[in-house]
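Keep in mind the model is a prediction, meaning the values are calculated, not measured. Count residues from 1 along the sequence. Only this structure's heavy atoms are used, side chains among them; waters, hydrogens and symmetry mates stay out.
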Amino acid sequence: MRLALLFGSLTLAFLLAVWTTQTPKPRLADAPAVAFSAGRAMIDIQQIARAPHPVGSPEHARVRAYLNDRLTQLGLQVSEQAGPLSPASVKRLERAGGDPGAADNQAVNLIGVLPGKDREQPAVMLMAHYDTVVGSPGAADDSAGVSAILEAVRAIQARGPAERDLVVLLTDAEELGLDGARVFFGGHPLRDRIGAVVNLEARGGGGRAAMFETGREAGSTVQLFRRAAAKADGGTTATSIAAFMYERMPNGTDFTVPKDRGIGGLNLAFIGRPDQYHAANATPANLDQGAVQHLGSQALEAADALLRASSLPGRGENLVYADIFGRWMIAHKQATGWVLLALAAALGGFAAWRARRAAGLTAGQVGLGALDGLWFLTGGVILLQATRLLAGPMSSRAASPDVYYTLLRRLPWMEAGAVLAIVALALLLLTGARRTRPRVTGGALAVLTAMVLIVGGFSPVLLGLGVVAVGLSLWPGRDERSAWGGWLGLIALVFVFGCALQGAAPEAALLFVWPVLLAATAAALAAMIDPSLTRPLGLLPPAVTTVLGGAWLAGIGHFVFLGVGMDLPGALAPVALLVLMFARPLGPETRTARLMLFAAAACMIAGVGLNVSAQLLAPAPAVAEALP
């Protein structure tokens, strides 16, 4: 019974995650005038992305002339602004095979202004870049963003006059070093009138578009976006975790420039189909039109809400927020996390009290459950890093562009392999392998740690995690198996992590705070229904939370892997730990342990095979040189 519930719940969670991470159906060209239509946007994309158009190329001049005409047709007041390329950008373009001299070493921005009813109010800006790297037509990066802006402007006009001015900035030389944005915000007369920016980007050729960055102290902006995004086709994908992480990464987009000037706003992008990033196959025919619909619809609703607001959002405390299956967006103050943790502690304590009275739960059993979770987390990071190495070398974009683009093509295989590998480790934990086979698990993790450090490069963090994982494998102790002990031990471990993160980084703490509250709620319900946790009805709460919580976490994990999976696949281990926290009481009976071991072996073999075969299935492509 438990085995059926376990695999049934995980299967439903996977199917729900797949369904909720799909892009919306693209609207055709005959969609209502006030709505965003990917069909209409594709007309512009097909013209803009006919061929690569890096700075200085004849195609670049053609695209600029085409966009100038389109902005004029839309009734905007159009102007151009030229400014010098930085010396570093000139060298990058020359190294990639471009000709900066043909552009007089200049970036040329296109600026369009749609007057509002009150021209004294701060203006709203829609921004995207129209240049590409050498060798890529750039249908997604960033022809999709440019065309989405043109379609959004048309829809905004169809909705009637807005309160304030709309400024459209189509920047140049973003691929070289954000030169166009720096030129505009460095000296254009309109720069001081901009009160909010909505920037559109892409890294890949499809997938749901995420709102992954805001201005600083952007609580009010997030609340406005939450209301606006509810009207967008397909809802939104957004978490304060992404904004928190991106703030601390070296990456940058055009949005970086106004953000550093203290201007608020939103940054939207899709990053699926990573094989198309800066690649020759980034053509209109290969572009996911659903991604264009999702990106443009969110941009339209966000910009329209800003344009029609009585006043633009001011600065305020950053909020904790996340979408739920892309359909709803929840936001709350940072301090609320402590309230949620306190509620989780109360519910978990109630479950422990009931289990102690009915099932003889002891503190030792809870402790063993927590050690199981720590072993899974540390061992999971090592295992994921090791299996990832089988797909190719660890390499940053700046250090090796060729390897970077090759690994992007292999990313889907890496993700599938990583998921199977971590499932294998979870199955080993559920069978009690950490305590019943300490030498086997400890030796295997020692070998994997050595492989990671020797092949992937030395890291004191990974060394420490490996030592902990091996030490926990060899930890002396009884095979004291308890469904309640294992479950509440994991909940306690995640609760501790949640408290630590709530104190250090509350915007990112929701990854632990929300799941631990959900798991503690399920535990309290199960304790009320069946404190012995032996009857099927008592297993219903953890089964339901495994489906719902597992699906939500899988969606987050997918986005995380697309972002950092090439070099930090171990980032999936905490997500997997949280899913395991939901599913832990569904662990199989002793008589099914052998079957679970066979399943673990099969998953491990398949995961390793996918990573190895990625080198054959996705060989090195012909791509343009990476340009920051």
Side-chain angles (χ1 to χ4, degrees), residues 55 64 67-68 71 76-90 92-93 100 103-116 119-131 141-142 145-146 148-149 152-153 164-201 211-218 221 243 246-247 249-269 299 302-303 306-307 312-315 627-628:
V55 173
R64 183 168 66 248
L67 293 173
N68 198 315
L71 291 171
L76 277 66
Q77 301 167 3
V78 184
S79 62
E80 293 185 359
Q81 177 200 24
L85 297 174
S86 70
S89 294
V90 171
R92 290 190 188 101
L93 186 55
D104 295 326
N105 290 349
Q106 288 191 319
V108 181
N109 295 326
L110 290 171
I111 300 117
V113 179
L114 180 66
R119 307 210 64 188
E120 297 301 316
Q121 294 195 53
V124 174
M125 173 177 281
L126 278 168
M127 179 167 61
H129 69 90
Y130 72 92
D131 64 307
D141 183 17
D142 195 19
V146 170
I149 286 178
V153 170
R164 63 191 74 247
D165 287 1
L166 170 64
V167 176
V168 172
L169 175 60
L170 305 182
T171 65
D172 196 8
E174 188 272 351
E175 298 290 3
L176 299 176
L178 315 181
D179 288 325
R182 291 195 177 101
V183 167
F184 179 89
F185 287 100
H188 195 280
L190 285 174
R191 70 170 186 177
D192 294 326
R193 289 199 54 220
I194 306 302
V197 177
V198 178
N199 186 61
L200 280 66
E201 259 291 0
M211 191 282 285
F212 67 97
E213 185 181 18
T214 67
R216 297 183 176 93
E217 299 177 7
T221 302
Y246 197 81
E247 175 79 12
M249 293 172 67
N251 308 48
T253 68
D254 278 338
F255 186 76
T256 304
V257 180
K259 179 177 179 177
D260 287 343
R261 286 181 56 86
I263 301 174
L266 305 161
N267 207 356
L268 302 165
L306 289 165
L307 285 165
L312 292 179
R315 289 196 169 196
L627 298 175

Open item on the list: Return the OG1 to CG distance between Thr253 and Leu178, rounded to the nearest 0.5 Å.
Closed with: 7.0 Å
Open item on the list: To the nearest 0.5 Å, what is the distance between NZ on Lys259 and OG1 on Thr214?
Closed with: 6.0 Å
Open item on the list: For a side-chain contact (heavy atoms from CB on, under 4.5 Å) check, start with the C-alpha distance between Leu268 and Val198, then their side-chain angles and the critical distance, and finish with the verdict.
Closed with: CA-CA 8 Å; Leu268 302 165; Val198 178; 4.1 Å; yes
- [ ] May I ask you to test the Ser86-Leu176 pair for a side-chain heavy-atom distance under 4.5 Å?
- [x] no
- [ ] Compare all side-chain heavy atoms of Asn199 with those of Met125 and state whether any distance is below 4.5 angstrom.
- [x] no
- [ ] Just jot down the side-chain hydrogen bond (donor to acceptor under 3.5 Å, both in side chains) partners of Asn109, sequence neighbours excluded, or say none.
- [x] Gln81
Open item on the list: I need the minimum non-hydrogen distance between Pro258 and Met127, along with the two atoms involved.
Closed with: CG-CE, 4.1 Å
Open item on the list: Could you work out, with ring pair (Phe, Tyr, Trp, His ring centres under 6.0 Å) as the rule, every residue matching Phe255, not counting sequence neighbours?
Closed with: none
Task: Note, Val113 side chain near Leu190 side chain (heavy atom, < 4.5 Å) - done: yes
Task: Test side-chain hydrogen bond (donor to acceptor under 3.5 Å, both in side chains) applied to Asp254 - qualifying residues, sequence neighbours left out - done: Thr171
Task: Shortest non-hydrogen contact from Pro84 toward Val183 - done: O-CG2, 4.3 Å
TODO: Measure the shortest side-chain to side-chain distance between Ile194 and Leu169 over non-hydrogen atoms and say whether it is less than 4.5 angstrom.
DONE: no
Task: Shortest non-hydrogen contact between Ala128 and Val146, atoms and distance - done: CB-N, 3.8 Å
Task: Pairwise distance NE2(His129) to CD(Glu201) - rounded to 0.5 angstrom - done: 4.0 Å
Open item on the list: To check you understand the geometry: which heavy-atom pair defines the closest contact between Ala123 and Val167, and what is its length?
Closed with: CB-CG2, 4.0 Å
- [ ] May I ask you to test the Val108-Tyr130 pair for a side-chain heavy-atom distance under 4.5 Å?
- [x] yes
- [ ] Would you mind reporting whether Arg92 and Glu175 have side-chain heavy atoms less than 4.5 Å apart?
- [x] no
Open item on the list: Holding to salt bridge (charged side-chain N to carboxylate O under 4.0 Å, His left out), I want the full list of residues that pass it with Asp104, two or more places apart in sequence or in another chain.
Closed with: none
Open item on the list: As an exercise, state the distance from CG of Leu312 to CG of Leu307, rounded to the nearest 0.5 Å.
Closed with: 8.5 Å
TODO: Not counting sequence neighbours, which residues clear side-chain hydrogen bond (donor to acceptor under 3.5 Å, both in side chains) with Glu80? List them please.
DONE: Asn68
Open item on the list: Any heavy-atom pair between the side chains of Arg182 and Thr256 that's under 4.5 Å?
Closed with: no
Open item on the list: Could you check whether any side-chain heavy atom of Glu174 comes within less than 4.5 Å of a side-chain heavy atom of Asp142, counting everything from C-beta outward?
Closed with: no
Open item on the list: So, taking the atom named CG in Asp260 and the one named CZ in Phe185, what distance separates them when rounded to the nearest 0.5 Å?
Closed with: 11.0 Å
Task: Where Glu213 and Ala243 come nearest, the two heavy atoms and their spacing - done: CA-CB, 4.4 Å
Open item on the list: Applying ring pair (Phe, Tyr, Trp, His ring centres under 6.0 Å), can you list everything that pairs with Tyr246, at least two apart in sequence or on another chain?
Closed with: Phe212
- [ ] Measure across Arg164 and Pro122 and return the closest heavy-atom pair with its distance rounded to 0.1 Å.
- [x] NH1-O, 3.0 Å
